[in-house]
Structures are given as structure tokens and as C-alpha cells.
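The next block holds one structure in the form of C-alpha cells; read it before the comments.
Owing to the predicted nature of the structure, the values given are computational and were not obtained by experimental measurement.
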Amino acid sequence: MSPYLLLVIIIAYFALLLWVAYKTGKGSDNESFFIGNRKSNWMLVAFGMIGTSLSGVTFVSVPGAVGKDSFSYLQITLGYLIGYIVVAYVLLPLYYRLKLTSIYGYLQQRMGQLSYKSGAWIFIVSRLVGATARLYLVVNILQITILDSLGVPFIVTTLIILIMIILYTYEGGVKTIVWTDTLQTSCMLLGLIICTVYMLNHLDLSVGQSLTAMSDKGYTKVFEFDINSPGFFLKQILAGAFITITMTGIDQEMMQKSLSVTKLKDSQKNMVTLGFILLGVISLFLYMGGLLYLFGQSEGGQITEIIKDGIPKKEFLLNGKDIFGDKIFPEVALNHMPGFISIIFIIALISALFPSADGAMTALTSSLCIDIVGMKDKPWDTKKKEKFRKNVHLLVAASFLVMVVIFKIINDNSMIGLILKLAGFTYGPLLGLFAFGIFTKYKVEDKLVPYVCIAAPIISYFIDKYQATLFGDFKIGLELLIINGLLTFFGLWLIRKKPDLLKR
């Protein structure tokens, strides 16, 4: 497939996004940018949030991880569903009752100004790290598959993509993103289905026969029953639930879209519907991952185990190239399938890229303006506030550029594992803050809250680093997030004041 043709397709796709942004962004103001004037259709929000929740990492990493972890990611997904139900019926009623634009305003009302600022800064760091890690994965694939052959440097590729995102989110913000995410989710899911159907036809297998072939290779194993393993099913399900509660329920980006829905009941329907749809969609991603390895083996590829730096490691060699993990889907789609499948893959990939990046940039802009600077309380006229918000938006884009370059230097082979690991450190304090606020009646020494929020991740890091010494054969996995949240909760308990008898 000609890289020039693929580049033309990307430009055409972006032109479509700009057109949608132009049509939906007319007459937008700061209220439109931050929460879509609370007039978003819940079905559009639910469907668009699929793309935001999945991102390019899910599109590439989840299928690629099947070679190593089989279908075990489904354990986490079951936990996700539990988490979405908790968000819908515990957190959303609270946010709607308080009529929040930024959900961290709850911490201000409940605990104090520094607690509020701490929550906002934790979100900013967490979302910046997570969103740019996802962005890096897709940018790197586009770089390797298209732009390296055109002589375009990686940093220029990243800059151009960020400019694209700025152009269609600059005016409308959430009001525009609700529509563009719907378009992009449609393209991503359509690409997933078409690629799956093509591989089934190429391998001449029915769905049942393909599952049997995957089972023979050990790909269909879902549940891990070894309690000492980091993949033990109860730990994974519990971790999945708390990942959703933190990365959706107390994450400004995800809640910003939900709060743009007019009625609480509709927003709750959006959240629960999203949970069930994601369970089905991720199951399909895992199934496609099994097909990718079967397809690769039919093309002469094989999985081998090697020892690298004293650590056992798997490789999947196809035509002398190791395409194990994140590399298998791009390699197979672009170099071992017909041209029209390559085009569909690229469209689906960039459709997975933009929803996770555009929403993050908008949410970070909102949090910096509202939570950190306190723009709503400034005695500025409307024009000055809009100019300030746009300048902050550009600053956020610049920080994305820096972080993507850092991830390029790190160059981890499985970004989904890295992102979930980082989430355990960055989102833990938020989990502890909200849990303490909701489940206790205590006030805290507000000035000490930032120290607790810094100490908890540091202690969690050392627990993770020395877990073999502390726990022997028992291995901590994604439940590190829960440990971090508990440490924050305990720290807040230590600095508590007399019970707050006011109705919350």
C-alpha cells in the first residue's frame, strides 16, 4: 500500500472532522466548551464514549496481548461493568445534585480549597500521562508504517496531529466532541468488524471452528485461579471495577461528557449502556486478537520463547520480524492483507486515536481554567475569558507534544500494561479523596491533604518494588490502585477533624 495514498486518506478523514466541528461549533462559548450547555443527547454521548474508553491502545494492544495473556483481559472487563454501575448510581447523582461543571468542586465543598486543588492537579497529571501514552502508540504506528518512508521526523508527525486536534476542538469543545467521537467510534468499530470477517474468510473458518483453533493454541483461557498470580480472577475483576470508578467516575474528561446530558436518568442510562457495550466490544477485540495470531501462523509466523537479560520473553517471528504484542495488528493489516483492508485499518486506527486525545485536551483545559486558575470567579469579561481558555488549550497541546516525545524514548512494547500500571500510581489519591468524602462525615486538616496525596503513591511505589520481599509468592497486579487509594484514605483518616454534621 502506497504511503502517499494512506496519507491522502488521513487528510480526507481529518477534513471530514473539521466539517463536523464547523457545523456543531457555531455559536459556541465557554459553557459549550466545558459542558456542551448540558444539552447533549445521552445516546450520542454513550456511543461516543466507547471510542474514548477504548482508544488506540485497546485497538492495538488488546488484540496483541492475546499471544501472551490469552483472553484474561476479559476478567478486567467484567470489573469494568461493575464499576460503571457504581459510577451511575453513586457518583452521578452526587454531581448532578451539586450542579458541578468540574467534579473536583465536590472536594472543595466537602473538604476545602487545598483538597480541591490537590484533586484537580492529580487529575491533570493522571490524564496527561494516560492520554499522551495512548496518543504515542498510534502516532508511532503511523510514523513507522507511513511517514518514515516519506522522510517525516517523528516530532513533526506528532506536531501535525496535535494541530489537527486543536483545529476541531478549539471552538466547540465538548459540544463538538460529542459528535466527532460518535463519528470516530463508528469508524473504529466498523474497521474491527471488517478485519475480523476478512480473516475468518481468509482462514476458511466459522466462528466455532476459529474458537476451537484458538483453544488448541491456548488463546481462549479467561480465568486465572492461582491466587498468587497477579492475574488471579478476583484481583482482576476488583481492579477493573476500581479502574472504571477512578478513570471514569472521578475523571473530569469522562464526567465532563456525562454531565453535558440534560437529565440525571439519561446520564445514568448512558453510563450503564456504555458498560454493557464495552463488555461486548472488548470481547470482539480479544477474539480478533486470537484470529490475528492464527492468521500470522498461516502466513508462516511462529511464537518462540527466548531469554533476554535473564528474563523469559516471547517473540512472534514473521518473515524474520518480531511482531509480538502491539506490532502484530499493524504488521498483518498493512503487509499481509489486501489494500482495502489496509485502508480500513488506518481509518479505524486514527478513529481510535482522536477520541482519547481530543477529550483529554478539552478536559485538561477545563480543569486548568476552572479548578486551578478559578476563571469563573475572575472579574473578566466574556471575551477575555474565552481568550484565556484558548491560550490554555494551546499550552495543553504543547505539554502533549513533550510527553509523547518522552514515551517515544521509553518505547514500551505493550502500552496497555504500562498505562494501567501508571494509573495505579496517579489515580490512587483521587480514589482515596472521593471515598473519604462520600463514606465518612469527617472534615480534614485541609493544609495537610497535599502531603497525603504525595505520600500515598510514593509508599505504593516501594510496596510494588519490594513486593517479593514483603509478600513472598503473592504478586500484586492492578490492585495497586486500590492499595494506593486505601493509603490515601488512611492518611486522610489520620488528619481528620470532628464529624461534619451538615447534610452532604
Side-chain angles (χ1 to χ4, degrees), residues 35 38 40 42 45-46 49 52-53 76-111 115-116 118-120 122-123 126-127 234 237-279 363 423-424 427-444 453 478-479 481-490 492-493 496 499-500 502-504:
I35 53 172
R38 298 190 191 274
S40 299
W42 76 266
V45 173
M49 282 177 71
T52 307
S53 302
I76 300 174
T77 310
L78 291 170
Y80 288 169
L81 178 58
I82 296 169
Y84 282 116
I85 293 170
V86 172
V87 172
Y89 294 102
V90 176
L91 292 174
L92 279 176
L94 175 67
Y95 299 154
Y96 270 81
R97 177 163 56 84
L98 297 176
K99 297 180 179 179
L100 300 174
T101 299
S102 167
I103 60 173
Y104 307 116
Y106 166 71
L107 297 176
Q108 183 181 33
Q109 296 182 35
R110 178 66 181 80
M111 298 183 192
S115 300
Y116 166 48
S118 297
I122 293 165
F123 160 71
S126 301
R127 181 48 67 181
L234 284 179
I237 291 172
L238 192 61
F242 277 92
I243 286 169
T244 296
I245 291 167
T246 51
M247 296 183 73
T248 298
I250 53 180
D251 181 286
Q252 176 65 17
E253 176 187 353
M254 300 300 284
M255 287 297 96
Q256 187 167 289
K257 294 173 185 176
S258 293
L259 293 176
S260 72
V261 177
T262 306
K263 296 178 182 178
L264 170 61
K265 285 186 178 180
D266 285 344
S267 190
Q268 289 173 319
K269 285 189 285 187
N270 151 45
M271 196 58 56
V272 175
T273 301
L274 176 62
F276 280 102
I277 292 174
L278 278 180
L279 183 61
Y427 278 94
L430 269 181
L431 177 62
L433 282 168
F434 274 83
F436 190 88
I438 292 170
F439 296 114
T440 78
K441 293 183 178 180
Y442 290 101
K443 289 282 191 178
V444 295
C453 292
L478 298 178
E479 68 273 19
L481 169 66
I482 303 171
I483 293 171
N484 197 349
L486 286 172
L487 287 169
T488 306
F489 189 100
F490 179 68
L492 295 171
W493 182 266
R496 72 190 185 280
D500 178 15
L502 295 175
K503 184 178 178 181
R504 286 183 291 118

Is a donor on one side and an acceptor on the other found under 3.5 Å between the side chain of [X] and the backbone of [Y]?
X: K269; Y: L264; result: no
X: R496; Y: Y442; result: no
X: T246; Y: I243; result: yes
X: Y104; Y: I250; result: yes

In a check of ring-ring contact (aromatic ring centres under 6.0 Å, His included) between Y106 and each of F434, Y95, F436, Y116, which one passes?
F434

Where do [X] and [Y] come nearest, in terms of heavy atoms and distance?
X: T488; Y: G428; result: OG1-O, 4.0 Å
X: V87; Y: M255; result: CG1-CE, 3.9 Å
X: T440; Y: R110; result: O-NH2, 2.7 Å
X: V272; Y: A88; result: CG2-CB, 3.9 Å
X: L431; Y: F242; result: CD2-CD2, 3.6 Å
X: M111; Y: V444; result: CB-CG2, 4.1 Å

CA sep, side-chain torsions, deciding dist, call: L91, T248, side chain to side chain contact (heavy atoms under 4.5 Å, CB included)
CA-CA 10 Å; L91 292 174; T248 298; over 6 Å; no

Drop me the distance from [X]'s [atom1] to [Y]'s [atom2], to the nearest 0.5 angstrom.
X: R127; Y: M247; atom1: CZ; atom2: CE; value: 5.5 Å
X: I237; Y: T77; atom1: CD1; atom2: OG1; value: 10.0 Å
X: T273; Y: L278; atom1: OG1; atom2: CG; value: 11.0 Å
X: N270; Y: L92; atom1: CG; atom2: CG; value: 8.0 Å
X: M271; Y: Y89; atom1: CE; atom2: OH; value: 11.0 Å
X: L238; Y: L481; atom1: CG; atom2: CG; value: 9.5 Å

Test L78 against L279 for side chain to side chain contact (heavy atoms under 4.5 Å, CB included), laying out the working first.
CA-CA 7 Å; L78 291 170; L279 183 61; 3.9 Å; yes

With sequence neighbours left out, write down each residue that passes side chain to side chain contact (heavy atoms under 4.5 Å, CB included) with S118, or none if nothing qualifies.
V449, P450, C453

For residues F123 and I103, determine if any side-chain heavy atom of one lies less than 4.5 Å from a side-chain heavy atom of the other.
no

Hey, mind stepping through L433 and I122 against side chain to side chain contact (heavy atoms under 4.5 Å, CB included) and telling me if it holds?
CA-CA 11 Å; L433 282 168; I122 293 165; 4.2 Å; yes

Is there a side chain to side chain contact (heavy atoms under 4.5 Å, CB included) between L81 and F276? Walk through the geometry before answering.
CA-CA 6 Å; L81 178 58; F276 280 102; 3.9 Å; yes

